[in-house]
2 protein chains.
Amino acid sequence: MENVKNLIQQRIKEKGLRITPQRYAVYANLLARCDHPTVEQILIEVNQDLPIASKASVYSALTVLREVGLVREILLDEGITRYDGRIDPHHHFVCVNCGSILDLEWDNFKDLPLQNLPTGIKGTSYEITVKGTCDQCGS
Amino acid sequence: MENVKNLIQQRIKEKGLRITPQRYAVYANLLARCDHPTVEQILIEVNQDLPIASKASVYSALTVLREVGLVREILLDEGITRYDGRIDPHHHFVCVNCGSILDLEWDNFKDLPLQNLPTGIKGTSYEITVKGTCDQCGS
DNA sequence: TTCGTTGTTGCACTTTAGTGCGATAGAATT
DNA sequence: AATTCTATCGCACTAAAGTGCAACAACGAA
Ligand SMILES: [Mn+2]
Ligand SMILES: [Mn+2]
Ligand SMILES: [Zn+2]
Ligand SMILES: [Zn+2]
């Protein structure tokens with residue numbers, strides 16, 4: 001509990017950012033959940049108990065957290081920007097029924113042959129999106 | 001030339017759509033190019049020689065072509081909806097330098113193991129996005 | 001060729017993600 | 001504790017993708 005709090009604060013600090021309740025709340029919220037929320041969802045959850053961060057602050061926090069590499073954007077469905085607290089390489093699963101987005105571990109699909117691409121093209125990284133049905137929606 | 005024209009018209013027709021100059025132009029443009037244009041880019045190219053389709057019509061044509069499965073949307077970068085005239089399974093390459101988007105053939109990465117996913121999750125399809133540098137931008 | 005149905009047009013309008021601002025509050029360093 | 005610099009706030013605003021509309025045009029079946 002306390003350790004997690006310190007870890008989060010340290011992460012923010014060592015990136016040269018000031019630790020503010022708003023940044024802490026946004027980052028902690030993102031780390032605590034395994035879905036991939038939109039700005040709107042983060043805004044709501046972060047203010048659920050008591051108001052702590054305005055819309056402008058949540059945008060600001062996400063922008064700065066993304067700039068220092070603590071957080072990343074994910075673009076899976078049409079015009080919706082989602083955020084991911086995991087920055088290590090991994091893949092994503094999208095349920096075609098309920099739309100939920102789950103992490104898939106890197107090891108599931110590793111060592112793909114990036115050598116065999118058309119001439120002149122140098123692939124340096126890749127990411128896979130798997131579609132199907134999730135636990136809840138399983139046929 | 002003439003054959004291609006007939007093929008395109010037939011494709012539209014056999015999907016139960018009326019053939020109009022606007023739909024033809026949009027679909028033909030999408031088939032003729034190997035990039036993955038935005039609505040705006042299609043609108044410009046289609047009207048380059050002489051005005052043939054309004055903004056509303058291009059949107060309308062793309063919507064209806066997508067509904068019948070002749071065309072698909074691609075979402076690779078932030079909030080930008082692009083269109084793809086290829087509907088067969090394939091992957092995409094994104095140049096991190098110039099942003100160009102190229103098709104990668106399905107066979108490059110086929111038979112990925114969709115069995116080893118977490119319990120309860122059934123993967124039915126996948127798509128890979130490779131990032132790197134393209135022919136032009138090669139180091 | 002005629003006619004009914006459907007598509008197109010231009011433009012104003014909606015929608016929604018994201019930003020700018022100036023005053024206030026608060027973090028961190030001394 | 002004092003100081004300084006930076007972040008937050010609410011809210012109005014921007015920007016840009018996409019839609020609604022109603023008059024008009026034109027596709028295609030017969
Ligand atoms: Mn993730
Ligand atoms: Mn493609
Ligand atoms: Zn589901
Ligand atoms: Zn390039």
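Numbered from 1 within each chain, the chains take letters A, B, ... in sequence-line order.
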Report summary line: Rounded to whole Å, CD1 of A/Ile12 lies from C1' of D/dT6 at a distance of 15 Å

Query raised in the report: Quick one: A/Ile80 CD1 to D/dA17 P, roughly how many Å, whole number?
Result: 17 Å

Requested in this report: Between A/Ser57 and B/Thr63, name the one whose nearest nucleotide on DNA chain D is closer to the 5' end.
Outcome: A/Ser57

Query - Nucleotide D/dA17, atom C1' - distance to CD of B/Glu73 in whole Å - result: 12 Å

Query raised in the report: Which residue lies toward the 5' end of DNA chain C, B/Ile52 or B/Arg18, if each is placed at its nearest nucleotide?
Result: B/Arg18

Report summary line: Taken to the nearest whole Å, CG/B/Leu17 to P/C/dT5 is 19 Å

Requested in this report: Give a yes/no answer on whether the side chain of B/Gln22 brings an N or O atom under 4.0 Å of OP1 or OP2 in C/dT9.
Outcome: yes

Query raised in the report: Do the side chains of A/Phe93 and A/Leu76 join up, straight or via other hydrophobic residues, at under 4.5 Å, putting them in one cluster?
Result: no

Query raised in the report: Should the pair B/His91 and B/Trp106 be assigned to parallel (<30°), tilted (30 to 60°) or perpendicular (>60°) ring geometry?
Result: parallel

Query raised in the report: Heavy atoms under 4.0 Å, any strand shown: does A/Ala53 hit a base, just sugar-phosphate, or nothing?
Result: sugar-phosphate

Query raised in the report: For A/Thr38 and C/dT16, is the shortest distance between a side-chain N/O and OP1 or OP2 below 4.0 Å?
Result: no

Report task. Start with the C-alpha distance between A/Glu73 and B/Asp77, add both sets of side-chain angles, then the distance that settles side-chain contact (heavy atoms from CB on, under 4.5 Å), and finish with yes or no. Result -> CA-CA 10 Å; A/Glu73 285 183 349; B/Asp77 34 22; over 6 Å; no

Query raised in the report: What's the CG-P distance between B/Leu43 and D/dA16, to the nearest Å?
Result: 15 Å

Report task. Would you please confirm or rule out a distance under 4.0 Å between OP1 or OP2 of C/dT8 and any side-chain N or O of B/Thr20? Result -> yes

Requested in this report: Ignoring backbone atoms, test whether B/Arg23 places a side-chain nitrogen or oxygen under 4.0 Å from the OP1 or OP2 oxygen of C/dG7.
Outcome: yes

Query - Donor-acceptor contact present, side-chain B/Asn47 to main-chain B/Ile52, <3.5 Å - result: yes

Query raised in the report: Hey, does the side-chain of A/Lys55 have a donor or acceptor N/O within less than 3.5 Å of a partner on the base of D/dG10?
Result: no

Report task. Look at the side-chain N and O atoms of A/Ser60 and state whether any lies under 4.0 Å from the OP1 or OP2 oxygen of D/dT6. Result -> no

**Report entry** Distance, rounded to the nearest Å, where A/Leu75 contributes CG and D/dA17 contributes P
**Finding:** 16 Å

